[in-house]
Trainee: 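If you scroll down you'll find the structure; I have some questions about it.
By convention in this document, chain letters (A, B, ...) are assigned in the order of the sequence lines, proteins followed by strands, and residues within each chain are numbered from 1.
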Amino acid sequence: MFPSDQRSWRPNWCAKVFWPCTAKRGTDMRYISRFDEARQAIRRVITDFLEGAGWGNAASLVTVEVPTEHGHGDLTTSFALKIRSQTQVAPRTLLEKLAPHLADLPMMETYEIAGPGFLNFMLKTAWLAVAIDEACRNPDRYGNSDVGGGCSVLLEYVSANPTGPMVVVSGRAAAVGDTLARVMGAAGYQVSREFYINDAGKQIATLGQALALRLLELGQECVLDSWPDGVYPGEYVKDLAHHYCELNPTVDSKTLGVDDYPGLGHWAADQIRQAHEKTLAAFRVIFDRWYSERELRDSGAPEKVIEQLYDRGFLVERDGARWFTSSQFGDDKDRVMVRSDGTLTYMVPDAAYHKDKFDRGFDYVIDLLGPDHHGYVNRMRAVVEALGYPPARLEIIIIQLVRLMRGEELVRMSKRGGTFVTLEDLIEEAGVDPARFFLLERAPETPMDFDLNLATLKGSDNPVYYVQYVGARIHSILNQWRAMRQPTAAIDLALLTAKEERHLIVLVARFPDVIGRVALERAPQHLPKFMTDLAHAFHAFYRQHRILDAEPLVRQARLALIEAVLVVTTRGLNLMGISQPKKM
RNA sequence: GCGCCCGUAGCUCAGUGGAUAGAGCGCCUGACUACGAAUCAGGAGGCCUGAGGUUCAAAUCCUCACGGGCGCACCA
């Protein structure tokens, strides 16, 4: 039983809910970040105090947070305001009594009571600076945590139809899904990544028809005057036709008929799927499993789902068809599962696929779907619930539209006309690093404009270079330091007292929390934001302070500091699937 | 008509019920005889679409408008 099971069924399925997962594994080796440790220690003092005063039931309202504003401490809590109605004590009076208990905490530098009843904490710099040491010692692991508690999660994303090239919104899903997978892995989830291939059904036959017509054109060296509606007209089918002829030189295109369409379609779909895999690999997105709808169908799983729904009484016959009574689970209307001609609707294999996901024992099942699928959310939840699985464990994130712009001008995409801007085009024009950064900057469910002019810029206008430049500068400094062949002094991080240095220490210490937050909220956009903040803090430090020219003990401390910053930028970029160049 | 997403600086967007709402781009002023100026310091720019409600506290939660986008098949 997981906490999310008790969560009320939310029509707003966007993953804004912040819930913990009961730890299953890894509790012995629990890593606690500096910020987590401070938070827990402060919270414990406060709850002990409240219990002592007879307000123990208010303890759940005590939260210790990173403030939004600078100047409100490293951590802050507003619990005194929140529990006022229960205690009937003026918040500031309560805090005056509580505060002395906090002074003894080992990480506490100062605290202040502010505003109507906030309590702000400044942590000891040297205590936070332990994070610098942790980062330098664990360059490949720093930032990891076990907030995921070892829970297993299946992420399905992209799942583009193998009937044509991938469009840019698939690229967004790829960037978001891949980054979530990387981050959740770092945060202690056991992640599996899946791509579901719709390689069955009518669309495959239609693809086969398109191929057959292109083969006919090739064979007769002509161009057809009319093209049937809804049959993929894109240029890519011509390329497939050429390839097909090379492999099958004896094919007689004039004899191809309806019976040949499925076979041709399967061949074409497989070619396109392989192209998808190649493009995604170039985008640094890899999957653990490519799940074939066709194999699912061959296994008989769809029919089993029909039976199961029927046995449970959720399938009724009406107008000669069999309907799933999804409306009793919150869907707008019932859905046809078996048409009056006996064939299955596309929904059935999808239902079987989701059943299979849960049967494989995943604690969480996360789907990233395209913007044209949001009408589909309720019915898939309905299926999950009807089959007896907790619907809250199916999380669906809708990846919203990407509009491509060139400055002010909208880049038109027309699927019907067969003209695309494909993910491949985007990679070629913008490059993987800027493309991924831009696609990750925005919340997945927000429609976004992608300005190709901005992404293509090589200069300072491009935020990804701003972040990468940090690492390049640090590499350069560290190389020069090694070339100096100076004796290494002992590291005394207490020498890092300037405000720019402190800011960097705080950010390095906060990195594990950022990873945890991205994982728990399924909100990748916080990562580029954090990286930009870190880059800004580093560049400000760098302009203000000398490193190699500093007095030896200070130099040694600053070298440790920038090494830790390098660890964080490199890891942070890596979690976004973005490179950290040593030179730019 | 019904459902979903979005509405925050000129533009693109962040924002965890909390304090003076932030960033990037664009605009204006300054800063290299310097470990990398792809940088830094500063400035201007806001009725958070509107109206009610809940709350000690609302950009954030609820209701209703308005505006933009996308879905609403015995298609996949």
Side-chain angles (χ1 to χ4, degrees), chain A residues 11-14 16 18 63 65-69 71-72 76-78 81-82 84-85 90-91 114-118 120 161 163 198 200-204 206 230 293 318-323 331-333 335-341 343 345-347 349-350 370-378 398 400-401 403 405 407-408 438 441-443 445-451 454 457-463 465-466 468-470 472-481 484 517 521 523 525-526 528-529 532-533 535-536 538-550 562 583-584:
Chain A
N12 180 0
W13 28 263
C14 285
K16 282 207 168 163
F18 206 93
T63 56
E65 292 153 350
V66 174
T68 31
E69 296 283 316
H72 295 156
T76 185
T77 178
S78 58
L81 289 159
K82 289 191 175 116
R84 190 206 327 236
S85 58
F118 298 102
N120 300 334
N161 283 339
T163 52
N198 290 110
K202 211 156 127 187
Q203 60 175 354
I204 297 304
T206 307
E293 178 188 350
R318 211 183 292 155
D319 307 327
R322 300 174 97 183
W323 300 68
D331 197 5
D332 327 348
K333 47 184 152 186
R335 308 285 171 179
V336 171
M337 300 289 263
V338 187
R339 298 188 191 94
S340 43
D341 66 3
T343 59
T345 62
Y346 77 99
M347 200 183 149
D350 270 358
D372 49 338
H373 281 81
H374 61 239
Y376 169 95
V377 173
N378 285 342
I398 297 290
Q400 279 294 344
L401 278 181
R403 291 200 311 168
M405 311 288 288
E408 299 285 296
F438 273 81
E441 260 187 311
R442 273 86 214 219
E445 64 271 21
T446 306
M448 67 172 283
D449 286 0
F450 188 115
D451 188 344
L454 204 56
L457 281 179
K458 293 283 181 271
S460 56
D461 299 338
N462 197 325
Y465 297 118
Y466 183 77
Q468 289 176 320
Y469 188 46
V470 171
R473 268 183 155 170
I474 294 174
H475 273 295
S476 169
I477 296 165
L478 293 177
N479 283 336
Q480 287 174 61
W481 164 244
M484 283 164 73
R517 186 177 168 204
E521 289 184 40
Q525 71 272 19
H526 299 310
K529 176 74 165 51
T532 307
D533 289 347
H536 185 244
F538 174 77
H539 291 311
F541 158 78
Y542 178 86
R543 294 297 288 181
Q544 189 68 31
H545 302 284
R546 308 292 296 169
I547 297 163
L548 296 178
D549 300 348
I562 65 170
K583 286 181 181 167
M584 294 172 70

Trainee: Name the closest nucleotide to the A:Ala472 side chain, picking from B:C70, B:C74, B:G36.
Mentor: B:G36
Trainee: Base, sugar-phosphate or nothing for A:Tyr542? Non-hydrogen atoms, less than 4.0 Å.
Mentor: base
Trainee: May I have the distance from A:Ile398 (atom CD1) to B:G3 (atom P), rounded to whole angstrom?
Mentor: 17 Å
Trainee: Can you tell which of B:U16, B:G15, B:A38 lies closest to the side chain of A:Gln525?
Mentor: B:G15
Trainee: Using a cut-off of 4.0 Å on non-hydrogen atoms, how would the nucleic acid contact of A:Asp319 be classed: base, sugar-phosphate, or nothing?
Mentor: base
Trainee: Please give, in whole Å, the distance from B:C72 P to A:Lys333 NZ?
Mentor: 9 Å
Trainee: Using Watson-Crick and G-U wobble pairs with both distances under 3.5 Å, what is the 5'-to-3' dot-bracket string of RNA chain B, with [ ] for crossing pairs and | for pairs outside the strand?
Mentor: (((((((..((((....[...)))).(((((.......))))).....(((((..]....))))))))))))....
Trainee: Nearest 0.5 Å, what's the CD-CG distance between A:Glu69 and A:Asn120?
Mentor: 11.0 Å
Trainee: Contact class for A:Ile477 vs. all strands (heavy atom < 4.0 Å): base, sugar-phosphate, or nothing?
Mentor: sugar-phosphate
Trainee: Quickly work out the A:His72 NE2 to B:A57 P distance and round it to whole Å.
Mentor: 19 Å
Trainee: Could you tell me how far apart A:Tyr466 (OH) and B:A37 (P) are, to the nearest whole angstrom?
Mentor: 13 Å
Trainee: Which part of the nucleic acid, if any, lies within contact of A:Asp449, taking any heavy atom under 4.0 Å across all strands shown: a base, the sugar-phosphate backbone alone, or nothing?
Mentor: sugar-phosphate
